[in-house]
Amino acid sequence: MTPLPFPSIFSPISLSGAFAVPVSVLWAIFWLSAAIFAVMSVILFYHWETFEFDKIRIRAMTLVYFIGGAAILFVVFNAIVVYSNSL
Amino acid sequence: MINLEPNEVVVTKVRKHWIVLVGQILLLAVIFIMPFLLYWLGTSFDFVHIQGNQSALLTALGGMWLLLLWINFFVFWTGGYFFDVWVITDHRVLYVNQKGLFHREVSTMRLDKIQDIDVEVTGILQSLLGLGTIRIQSAGEIEEFVFNGVADPDGVKETINRLANKQIEESRTVRIAQDSAPPARN
């Protein structure tokens with residue numbers, strides 16, 4: 001059969017074959033998410049620090065935000081390591 | 001962020017009802033579930049076969065998705081809830097209208113200029129949860145303040161009325177005292 005003059009992306013694809021998600025892609029998404037988290041943290045922290053009152057509530061929310069975010073990143077990091085070892 | 005006058009005291013701060021946050025959490029929960037639902041459909045109908053530890057992969061991808069939604073919630077909490085506030089002092093009502101993270105408007109209405117305060121509670125949900133809309137009309141430069149989804153609107157109205165009456169009473173006392181003072185002699 002003569003191959004079609006299109007890149008493979010336009011060829012019919014089979015969804016039934018097993019595929020592995022490239023670990024490098026996972027790491028790239030992980031570092032991108034971590035970068036977004038860092039940038040947004042700076043922006044949010046600036047706003048929280050600028051506000052003059054309700055310091056106690058702001059401190060509590062800051063703690064929840066950073067602990068929650070760090071926990072998620074930690075779990076994701078370990079999950080990627082486990083996934084890459086399973087391939 | 002807010003500059004108070006000398007001797008001005010913050011009496012209370014009024015924010016939207018906490019149900020606004022619950023609504024946002026529910027919305028984000030639905031958005032969070034979507035990719036997992038698609039994955040479940042894919043595996044159920046035999047479209048998707050992934051090599052390796054599938055639960056680790058799902059945890060990794062789901063975790064990154066959760067992180068983005070986590071950030072989104074705190075952006076909403078900051079811009080749409082916490083900084084969107086009425087600061088009621090013994091002299092004025094300050095309306096900090098936060099529109100997103102980088103747009104904020106602060107308007108002021110003096111208590112002695114307030115002419116009317118309306119409270120509007122519509123529907124069963126608002127009645128049950130005790131939230132509503134407050135509308136303050138003034139004779140000053142800014143004619144109207146409107147705040148939707150306020151918790152305990154009747155209590156807020158009562159507080160503003162009490163402070164406004166006190167303010168008017170105080171300014172009257174000062175005026176009467178000035179009028180009754182003996183004229184200065186040369």
Side-chain angles (χ1 to χ4, degrees), chain A residues 13-23 25-54 57-58 60-62 64-87, chain B residues 1-4 9-15 18 21 32 39 41-43 45-85 87 89 94 96 98 100-104 106:
Chain A
I13 53 167
S14 165
L15 289 170
S16 57
F19 68 94
V21 177
V23 177
V25 172
L26 283 180
W27 282 122
I29 300 172
F30 172 79
W31 290 116
L32 184 69
S33 305
I36 291 170
F37 179 68
V39 171
M40 289 310 295
S41 299
V42 171
I43 293 169
L44 288 171
F45 196 69
Y46 165 77
H47 279 80
W48 295 338
E49 283 300 302
T50 312
F51 206 61
E52 285 164 358
F53 40 76
D54 277 350
R57 276 179 84 182
I58 285 182
M61 285 308 270
T62 310
V64 172
Y65 173 76
F66 281 109
I67 290 172
I72 295 169
L73 282 172
F74 178 76
V75 169
V76 170
F77 185 90
N78 284 300
I80 296 174
V81 171
V82 171
Y83 178 72
S84 60
N85 289 336
S86 72
L87 291 176
Chain B
M1 192 173 104
I2 295 167
N3 296 319
L4 297 177
V9 179
V10 174
V11 177
T12 186
K13 290 170 286 268
V14 180
R15 290 196 175 84
W18 53 264
L21 288 178
F32 177 69
Y39 173 78
L41 283 174
T43 48
F45 290 99
D46 233 16
F47 283 140
V48 181
H49 296 277
I50 296 170
Q51 286 177 5
N53 189 330
Q54 287 192 27
S55 37
L57 180 66
L58 280 181
T59 307
L61 292 173
M64 288 186 270
W65 184 227
L66 181 65
L67 185 69
L68 295 180
L69 299 178
W70 182 257
I71 296 166
N72 183 290
F73 173 75
F74 280 87
V75 168
F76 176 81
W77 183 82
T78 306
Y81 175 75
F82 195 74
F83 284 175
D84 205 16
V85 62
V87 181
T89 74
L94 295 132
V96 184
Q98 187 78 30
L101 278 181
F102 298 102
H103 185 188
R104 180 187 303 140
V106 182

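Heavy-atom basis, side chains included; hydrogens, waters and symmetry copies ignored. Chain letters run A, B, ... following the sequence lines, proteins first, then strands; residues in each count from 1. Here the structure is a predicted model, which means the values were calculated and not measured.
- Residue B:Leu58: no heavy atom, backbone or side chain, is found under 4.5 Å from chain A.
- Rounded to the nearest 0.5 angstrom, A:Trp31 CH2 and B:Met64 CE are separated by 11.5 Å.
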For a side-chain contact (heavy atoms from CB on, under 4.5 Å) check, start with the C-alpha distance between B:Thr78 and A:Tyr65, then their side-chain angles and the critical distance, and finish with the verdict.
CA-CA 12 Å; B:Thr78 306; A:Tyr65 173 76; over 6 Å; no
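- Within residues 38-46 of chain A, the residues that have a heavy atom under 4.5 Å from a heavy atom of chain B are A:Met40, A:Ile43, A:Leu44, listed by number.
- With values rounded to the nearest 0.5 angstrom, B:Trp77 atom CH2 is found 4.5 Å from A:Met61 atom CE.
- The CG atom of A:Asn85 lies 10.0 Å from the CG atom of B:Asn53; values are rounded to the nearest 0.5 Å.
- At a threshold of 4.5 Å between non-hydrogen side-chain atoms, the residues B:Trp70 and A:Val64 count as touching.
- Between chain A and the options B:Leu66, B:Val75, B:Leu67, the largest number of non-hydrogen pairs under 4.5 Å is found for B:Leu67.
- More than 12 heavy-atom neighbours from other residues, nucleotides or ligands sit within 6.0 angstrom of OH on B:Tyr81.
- Closest approach of B:Gly63 and A:Ile72 over heavy atoms only: O-CG2, 3.1 Å.
- Remark: A:Ser33 OG to B:Ile71 CD1 distance equals 7.5 Å, nearest 0.5 Å.
- Annotation: maximal heavy-atom pairing with chain B below 4.5 Å, among A:Val21, A:Asn78, A:Val75, occurs at A:Val21.
- Using a 4.5 Å cut-off on side-chain heavy atoms (C-beta onward), A:Arg57 and B:Phe82 make contact.
- Using a 4.5 Å cut-off on side-chain heavy atoms (C-beta onward), B:Leu57 and A:Leu26 make contact.
- Counting heavy-atom neighbours within 6.0 Å of A:Phe74 CZ, excluding the residue itself, gives a total of 12 or less.
- A:Ile80 and B:Ala60 get closest at one heavy-atom pair: CG1-CB, 3.7 Å.
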